[in-house]
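Remember, predicted model here, so these are calculated numbers, not experimental data. Heads up: numbering here begins at 1 and tracks the sequence. All heavy atoms count here, side chains included; hydrogens, waters and symmetry mates do not.
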Amino acid sequence: MTRSRTTLLAALALLTPLTPLALAEGASPARAAGHPAGAAVGGVVPAALAVVDPGFEQGATGWQFTAGTGVATNYPHGGSRLVYLDAGAGKKVSQTLTATGSGSYDISAWIATGGANGRFTARVNGAERAAQVLPAGSAYRRRTLSRIALAAGDRLEIAFESGDGWVNADDLMLSPASPADPRVSSSDPKIVEMFDWSKRKANSWVHLPGTEGPLNVDENNRSGSGAGTYGPSYWAGYANRSGYYSRDMAHQLAGAGVLGLNAENKAMLRAFAGSATAAQKFYPVWALNFDDRSPLAIDYRSPSLFVREVPATFELVQKAEEAYRWSGDRGYVTDPVLWNFYRHATQEFVDLHDGLKDNGAVKVAEGTGQGIFQGTASYNEQGGEPLAEAGDGIGAQYRAYTAMASLARAKGDAALAATYDTRARDLKTYFNTVWSGAGSGADMVRGWTTDGRPLTGWGKENSWFMPMKQIVDPGPRREAYLDYIDQQASGEGRPDNIEALTYLPDTFFTNNRQDTAWKWMKYVYDQKDIQHVNAAQGTNGDYPEVSFTLLGQTVEGLLGVTPDAPARRLTTQSRLPSGMDWLKIDDMRVGRTGFSLRHDGNRTSVLSNTSGTDCWTWEARFPGTWSSIKVNGVPTPVRTKVVDGVTYTYATPSVAPGRTVAVEVS
């Protein structure tokens, strides 16, 4: 007897179907097809493609079944029903759709099998376009067929086909193929494999705007409470909840930028910004439903009782500035919802949450020490420490100040920019002289309790965020603390949840420890098929933060890319680890321009302006003081600068559309 026909078995992930059915308001056919478009998200256009009953909750509606297949209730991934296929050849469950317009799509489904050689397949006009041969695996895994292009009138068949054992499938989802399709090549096949997997996995979490789907789904409320229209968004948090989290979204934003998901980044940031009301003392809500409006009910009870953590408020300001640099969208400095959030987060929010500890001339936003529903100082929810101030909170506050200065300059307000430059400098000086003065390693102060005690030792997030946010002055003290972080995370202090470890590559890349950063990238990737500590989540690889962060760490970390689309400026530095001779990316989109970038070791970089109409300034940096620097083989005057304690030799050639420029030091 197949598993699909046995009595009720313990379900794993509990998620009602959340399949997108329509494009966002104002989204152009080009955006649906996976090409860049404006960030407009208002108005509705008909969906070019829509699946009927993607979660099989309506029984056989819309689907075709052969003998030996059907709908069951014993082992759903989400909701109350699933589709099953018995073992043996020739069995199929399928649905055929007719596209009403052009588009390019990813198709994902949660699939479990009792044996190998089943198939998940997409055919266009009868010809197989994409397929996965399914391995044996009794736990649900999310499978994706990527970048299936359709023209108006094309007939798409989505099919589950039988194999050596039973096949169960549930919760089909359509995603728009990402506007960018970056490709990596390298002397090291590991990074190529990692990037390709991450690109496909990350894009499978993107919603088609305009979807009608359930709200407030969680492990305690499998059917949610009502339905809503989903806005531009992607999963950021547990895959068995119908929403995205501020902490996760902030960490996924760079990877989303690599995929060109600028509309999604902006809509999600704006939704959090709009939620930070005076009644909530300018805290944004912790999580939002995919409608980009309503708080996720499991984390929100009232304006005075909701999950809130100090670092998230500040990270959203920092990430908005980064999204502005990736996209070049002036809305980040002209939209009053966003701008008011930045100002409140870096002024009133700090004023309202500073009072437990005397910090002299500077102000530090504090938590209550009373748990996540009362406001915590740290992202580390497992420490059980009554923290008033924490390393991740003060580090994030520092970076919010630097981001606010940058945004103010972009807005043309030099006086405001100078104010925040001063606040950032004063806060960093205070941190390094008073808050966490002479300590290093295990003696570094990484938090203060509500009764005034300094905390040292290992604090996970409130340890590694300090050097990651660059609030620790460069020098031997910081280097010793980075060693301490690596030692603790490699030993008994290692967090159990994979999403915490995704920060470690960022921490070490930021501080030019590329060998250690690459070690942690490989560790995170190699854990992707391991069961997550939260069984309802599935595997580590099906936690969205894993794939998004690996994308961002490849581009901003290994390739050392700092985008500045508003200024048409791109800064790069090679952070290739030992043993990786060269690394190249194609179709890297920044603003309206596409690039290819290649590093050979740490001495040669080549940049091509492959699409778009703008001429860019390229700041090609090389760590160290070199005696010679050449641009396209021609010697140029050697220039150096010091950034965060590191001396760089650099050149700033112009890279016009269609041109390739090579910079080499010796």
Distance alone, cut at 3.5 Å: any donor-acceptor contact between the side chains of [X] and [Y]?
X: Glu499; Y: His532; result: yes
X: Ser80; Y: Arg222; result: no
X: Asn221; Y: Asn216; result: no
X: Arg143; Y: Ser108; result: no
X: Asp299; Y: Tyr245; result: yes
X: Gln553; Y: Asp506; result: yes

Quick one: do Trp286 and Ser246 satisfy side chain to side chain contact (heavy atoms under 4.5 Å, CB included)? Show the steps, please. CA-CA 6 Å; Trp286 186 233; Ser246 54; 3.3 Å; yes
Ring-ring centroid check [X] [Y], cutoff 6.0 Å:
X: Tyr543; Y: Tyr238; result: yes
X: Phe65; Y: Phe160; result: no
X: Tyr84; Y: Tyr75; result: no
X: His251; Y: Tyr503; result: yes

Note: [X]-[Y] ion pair, threshold 4.0 Å (strictly below):
X: Arg183; Y: Asp196; value: no
X: Asp86; Y: Lys91; value: no
X: Lys584; Y: Asp586; value: yes
X: Asp392; Y: Lys460; value: no
X: Asp106; Y: Arg200; value: no

Taking ring-ring contact (aromatic ring centres under 6.0 Å, His included) as the criterion, tell me which of Tyr234, Trp235, Tyr244 meets it with Phe548. Tyr234
Is [X] reaching over with its side chain to a backbone N or O of [Y], donor-acceptor style, under 3.5 angstrom?
X: Asp292; Y: Ala271; answer: no
X: Glu57; Y: Arg81; answer: yes
X: Glu219; Y: Asn240; answer: no
X: Thr113; Y: Ala116; answer: no
X: Ser275; Y: Ala273; answer: no
X: Glu556; Y: Ala254; answer: no
X: Ser242; Y: Val217; answer: yes
X: Asn125; Y: Arg155; answer: yes
X: Asn265; Y: Gln252; answer: no
X: Asn289; Y: Pro295; answer: yes

Distance under 6.0 Å and angle within 45° of ring axis: [X] vs [Y]:
X: Arg308; Y: Phe306; answer: yes
X: Arg247; Y: Tyr379; answer: yes
X: Lys528; Y: Tyr525; answer: yes
X: Arg494; Y: Tyr523; answer: yes
X: Arg589; Y: Trp326; answer: no

Would you check if [X] and [Y] make a side-chain contact, meaning some heavy-atom pair closer than 4.5 Å?
X: Thr69; Y: Val83; result: no
X: Val533; Y: Asn540; result: no
X: Arg142; Y: Trp205; result: yes
X: Leu550; Y: Phe195; result: no
X: Val206; Y: Pro176; result: yes
X: Ser547; Y: Lys199; result: no
X: Met194; Y: Lys522; result: yes
X: Leu501; Y: Pro495; result: yes

Between OH on residue Tyr230 and CG on residue Asp291, distance to nearest 0.5 Å: 8.0 Å
To the closest 0.5 Å, what do you measure between CG (Asn203) and CG (Leu551)? 9.5 Å
Please evaluate residues Phe509 and Met521 with respect to the criterion side chain to side chain contact (heavy atoms under 4.5 Å, CB included), reporting the C-alpha separation (whole Å), side-chain torsions for both, the decisive distance (0.1 Å), and the verdict. CA-CA 11 Å; Phe509 277 130; Met521 282 184 73; 3.6 Å; yes
Holding to side-chain contact (heavy atoms from CB on, under 4.5 Å), I want the full list of residues that pass it with Ser94, two or more places apart in sequence or in another chain. Gln64, Lys92, Glu157, Ala159
Could you please spell out the steps behind the side chain to side chain contact (heavy atoms under 4.5 Å, CB included) verdict for Leu504 and Trp464? CA-CA 7 Å; Leu504 292 176; Trp464 63 65; 3.8 Å; yes
From CA spacing to verdict: side chain to side chain contact (heavy atoms under 4.5 Å, CB included), Arg241, Leu296: CA-CA 9 Å; Arg241 297 181 182 178; Leu296 195 63; 4.2 Å; yes
Ile111, Leu134, Thr539 screened by side chain to side chain contact (heavy atoms under 4.5 Å, CB included) with Arg141, the one that passes: Thr539
